[in-house]
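Heads up, the thing below is written out as structure tokens.
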Amino acid sequence: MATNDLQDLVRRRLWELGGSVYEASRRARGAVGPEVLERLAHVRGWALISPWMAGHLARALDVPENRVRRAAGLPEVHDPREDEPTGPHLRLVTGESRASS
């Protein structure tokens with residue numbers, strides 16, 4: 001079950017951030033390669049990440065580390081970012097707002 005949760009998290013966050021796997025890799029300062037992000041997002045099957053990688057993957061996805069750890073089935077750690085919201089930064093455009101632009 002954790003494998004699908006991790007895959008869903010990676011796919012959803014890459015979509016929400018609207019960037020490429022290369023941009024996400026840069027956020028992690030290269031500790032998580034773009035090919036790893038691509039594989040985590042699109043390949044069904046077993047995805048095993050280490051506790052060390054969880055922190056770097058969280059940085060790449062711009063989420064608190066415990067969110068990645070829960071999705072990967074890893075034990076949680078103290079994380080000062082755990083209360084930071086990470087929702088999508090999308091704006092709803094309605095017919096009224098387009099007419100007034």
Side-chain angles (χ1 to χ4, degrees):
M1 181 61 116
T3 301
N4 290 337
D5 293 345
L6 183 60
Q7 181 185 34
D8 290 344
L9 174 64
V10 173
R11 290 176 75 188
R12 185 175 60 250
R13 285 304 292 164
L14 288 173
W15 179 81
E16 288 172 352
L17 293 169
S20 69
V21 292
Y22 297 99
E23 292 171 35
S25 178
R26 279 193 292 276
R27 265 193 303 278
R29 299 180 190 117
V32 179
E35 56 281 340
V36 172
L37 291 164
E38 187 73 33
R39 179 172 290 156
L40 285 171
H42 297 292
V43 176
R44 289 251 180 230
W46 185 248
L48 180 64
I49 66 167
S50 69
W52 173 85
M53 188 176 178
H56 296 293
L57 185 56
R59 187 179 303 124
L61 299 175
D62 195 24
V63 296
E65 183 176 348
N66 281 331
R67 190 163 171 199
V68 171
R69 285 176 165 270
R70 278 191 297 272
L74 295 170
E76 294 186 23
V77 295
H78 172 71
D79 186 358
R81 291 187 58 203
E82 67 187 348
D83 293 328
E84 278 188 32
T86 59
H89 307 289
L90 304 175
R91 183 171 56 103
L92 179 63
V93 178
T94 64
E96 291 176 15
S97 62
R98 277 189 271 158
S100 64
S101 297

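Numbering of residues begins at 1 and proceeds along the displayed sequence.
- A heavy-atom distance below 4.5 Å is not found between the side chains of V21 and V36.
- Interatomic distance, CG of L37 versus CZ of R27, reported as 9.0 Å (0.5 Å rounding).
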| Can R69 and E65 be said to form a salt bridge (Lys or Arg N to Asp or Glu O under 4.0 Å), step by step? | CA-CA 6 Å; R69 285 176 165 270; E65 183 176 348; 2.9 Å; yes
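- Between Q7 and H42, the closest heavy-atom pair is NE2-C, 3.7 Å.
- Contact detail for D5 and A71: the closest heavy-atom pair is CB-O, 3.6 Å.
- E38 contributes atom CD, which lies 8.5 Å from atom CG of L14 (distance to the nearest 0.5 angstrom).
- One N or O on the side chain of R13 and one on the backbone of D62 form a donor-acceptor pair closer than 3.5 Å.
- Exactly one of L61, L9, L57 qualifies for a side chain to side chain contact (heavy atoms under 4.5 Å, CB included) with L40. That residue is L57.
- The two atoms that bring A60 and L17 nearest to each other are O-CD1, 4.2 Å, heavy atoms only.
- S25 and G33 get closest at one heavy-atom pair: OG-CA, 3.8 Å.
- Between the NE2 atom of H56 and the CE atom of M53 there is a distance of 9.0 Å, given to the nearest 0.5 Å.
- A donor-acceptor pair under 3.5 Å is formed between the side chain of N66 and the backbone N or O of V77.
- Here the side chains of I49 and V68 are in contact, with some heavy-atom distance below 4.5 Å.
- Closest approach of V10 to A41, counting heavy atoms only: CG1-CB, 3.7 Å.
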